[in-house]
Amino acid sequence: PGIVNERIVIAPEWRAADFAETPMLLVITPKMSFGTGHHATTRMMCRLMETRIEQDSKWIDVGTGTGVLAILAARLGASHVYAFDNSEWSIINSEENIQRNGVADRITLEQCELQETTLDRCDGLAANLYRHLVIPYAKAFVEAVRPGGIICVSGILKYDVDEVAAPFLALGCTAEETLFESEWAAIAFRTPA
């Protein structure tokens, strides 16, 4: 299991019963997709999102992997999450996990490339990618999120934080919180009001 904090645990199906009393148990059965809770970036993204998802908000999960962040958003109160990935394996795996966690009615899942999708207006966006994908899409992410909304990014090394933050700051965002774990970092930006 991936222990995010005292409230959130990400566990595979065969360990779920061991964490039945956890307030926010996410059952994620890993296959060929990223997002099992064992990587620092997934845990940090969960922590950033935990305190920022508002009831009935709309979110986008860019590069959904196992679907873990989309599932978390729905479980925390988002009324709709658009989740996509370019990997067929990820889409198959995330579909299974979304069904397993009982949030299929609130998540739209699509296989597509980032440059091919339209990012509809949302309240928050989660992108656990790599710096070479986050930086060029900063403007598209900011334009998709409503004024005063949230963008959580990770998949970045701690040495790259300033470079990743620069385009968001240049677009008027504020860096609300930056988390570090081992060599990795995650940042929550607030879009300009």
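What's counted below: heavy atoms across the whole structure, side chains too, no hydrogens, waters or symmetry copies. Count residues from 1 along the sequence.
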Q.
Between T29 and E96, is there a side-chain heavy-atom distance shorter than 4.5 Å?
A. no
Q: With the side chain counted from C-beta on, respond yes when I187 and L179 share a heavy-atom pair under 4.5 Å apart, and no when they do not.
A: no
(Q) Do L69 and V62 sit in one hydrophobic cluster, given that two such residues count as connected whenever their side-chain heavy atoms are within less than 4.5 Å of each other, even indirectly? (A) no
Q | Qualifying residues under ring pair (Phe, Tyr, Trp, His ring centres under 6.0 Å), relative to F141, sequence neighbours excluded | A | none
Q.
With a 4.5 Å cut-off on side-chain heavy-atom distances among I, L, V, M, F, W and Y, is there a chain of contacts connecting V81 to I28?
A. yes
Q | ring-ring contact (aromatic ring centres under 6.0 Å, His included) contacts touching residues 96-115 (sequence neighbours left out) | A | none
Q) Taking T191 for the side chain and V142 for the main chain, is one N or O donor matched with an acceptor at less than 3.5 Å? A) no
Q: Would you confirm whether S94, through its side chain, and I91, through its main-chain N or O, come within 3.5 Å as a donor-acceptor pair?
A: yes
Q: For the pair T22 (side chain) and L25 (backbone), establish whether a donor and an acceptor sit closer than 3.5 Å, ignoring hydrogens and angles.
A: no
Q) Nearest heavy-atom pair of V27 and P12: which atoms, and what distance? A) CG1-C, 4.2 Å
Q.
Given V103, which partner from the list I71, N97, L26 fulfils the side chain to side chain contact (heavy atoms under 4.5 Å, CB included) test?
A. I71
Q: Would you name the heavy atoms of A70 and A83 that are closest together and state the gap between them?
A: CB-CB, 3.9 Å
**Q.** side-chain contact (heavy atoms from CB on, under 4.5 Å) involving Q55 - partner list, sequence neighbours excluded
**A.** none
Q: Drop me the distance from M49's CE to I8's CD1, to the nearest 0.5 angstrom.
A: 9.0 Å
Q) Excluding sequence neighbours, so at least two apart, what forms side-chain contact (heavy atoms from CB on, under 4.5 Å) with S182? A) A40, W184
Q) Which residue pairs pass the salt bridge (Lys or Arg N to Asp or Glu O under 4.0 Å) test when at least one of the two sits in residues 184-193, sequence neighbours left out? A) E176-R190
Q | Beyond-backbone contact of I10 with T42, side-chain heavy atoms, under 4.5 angstrom | A | yes
Q.
I'd like to check the side-chain contact (heavy atoms from CB on, under 4.5 Å) partners of E163; sequence neighbours left out, ordered by chain and number.
A. R131, I135, D160
Q) Taking C-beta and beyond as the side chain, do N86 and C112 meet within less than 4.5 Å on heavy atoms? A) no
Q: Determine whether F84 and I60 make a side-chain contact, defined as any pair of heavy atoms from C-beta on separated by less than 4.5 Å.
A: yes
**Q.** Least distance between heavy atoms, G63 atom then L129 atom
**A.** CA-CD2, 4.2 Å
**Q.** From R7 atom CZ to T51 atom OG1, the distance as rounded to the nearest 0.5 Å
**A.** 9.5 Å
Q: State which residues pass side chain to side chain donor-acceptor pair (under 3.5 Å) with E183; sequence neighbours excluded, sorted by chain then number.
A: Y159
**Q.** Heavy-atom closest pair, residues C173 and L169
**A.** O-CD2, 3.4 Å
Q | Inter- and intrachain pairs under ring-ring contact (aromatic ring centres under 6.0 Å, His included), touching residues 55-75, at least two apart | A | none
Q.
Between R75 and N101, is there a side-chain heavy-atom distance shorter than 4.5 Å?
A. yes
Q. Is the count of non-hydrogen atoms from other residues, nucleotides or ligands lying under 6.0 Å from K158 atom NZ greater than 12?
A. yes
Q: Indicate, with yes or no, if F168 and I156 share a hydrophobic cluster defined by side-chain heavy-atom contacts under 4.5 Å among Ile, Leu, Val, Met, Phe, Trp and Tyr.
A: yes
**Q.** Check against side chain to side chain contact (heavy atoms under 4.5 Å, CB included), D85 and Q111
**A.** CA-CA 5 Å; D85 203 294; Q111 181 181 346; over 6 Å; no
Q. For F180 and V161, which heavy atoms make the closest approach, and how far apart are they?
A. CE2-CG2, 3.9 Å
Q.
Quick one, L119 and E143 - any side-chain contact, counting heavy atoms below 4.5 Å?
A. no
Q: Scan for salt bridge (Lys or Arg N to Asp or Glu O under 4.0 Å) pairs involving residues 102-127, sequence neighbours excluded, and state none if there are none.
A: D123-R146
**Q.** Results of ring pair (Phe, Tyr, Trp, His ring centres under 6.0 Å) for F19 - residues two or more places apart only
**A.** none
Q: Can you see which heavy atom on F189 is nearest to which on A165, and at what distance?
A: CZ-CA, 3.7 Å
Q. Quick one: does V145's side chain get under 4.5 Å of I150's, heavy atoms only?
A. no
Q | Pairs where residues 93-133 contributes a residue and the test ring-ring contact (aromatic ring centres under 6.0 Å, His included) is met, not counting sequence neighbours | A | Y130-H132
Q | Trace of the side chain to side chain contact (heavy atoms under 4.5 Å, CB included) decision for Y82 with T117 | A | CA-CA 11 Å; Y82 171 56; T117 191; 2.6 Å; yes
(Q) According to side-chain contact (heavy atoms from CB on, under 4.5 Å), who are the partners of A186, at least two apart in sequence or on a separate chain? (A) M44, L48, S154
Q) For the hydrophobic clusters of this structure (ILVMFWY residues joined by side-chain heavy atoms under 4.5 Å, transitively), does one cluster hold both L133 and M45? A) no
Q: Could you verify whether a donor N or O on one side chain and an acceptor N or O on the other, from N128 and T41, lie under 3.5 Å apart?
A: yes
Q | Audit row: R52, E177, side chain to side chain contact (heavy atoms under 4.5 Å, CB included) steps and yes/no | A | CA-CA 11 Å; R52 291 173 172 87; E177 185 177 4; 2.8 Å; yes
Q. Can you tell me how far CD1 of I98 sits from CD1 of I107, rounded to the nearest 0.5 angstrom?
A. 4.0 Å
Q. Going through the distances and angles, do T64 and D61 end up as a side-chain hydrogen bond (donor to acceptor under 3.5 Å, both in side chains)?
A. CA-CA 6 Å; T64 196; D61 180 10; 2.6 Å; yes
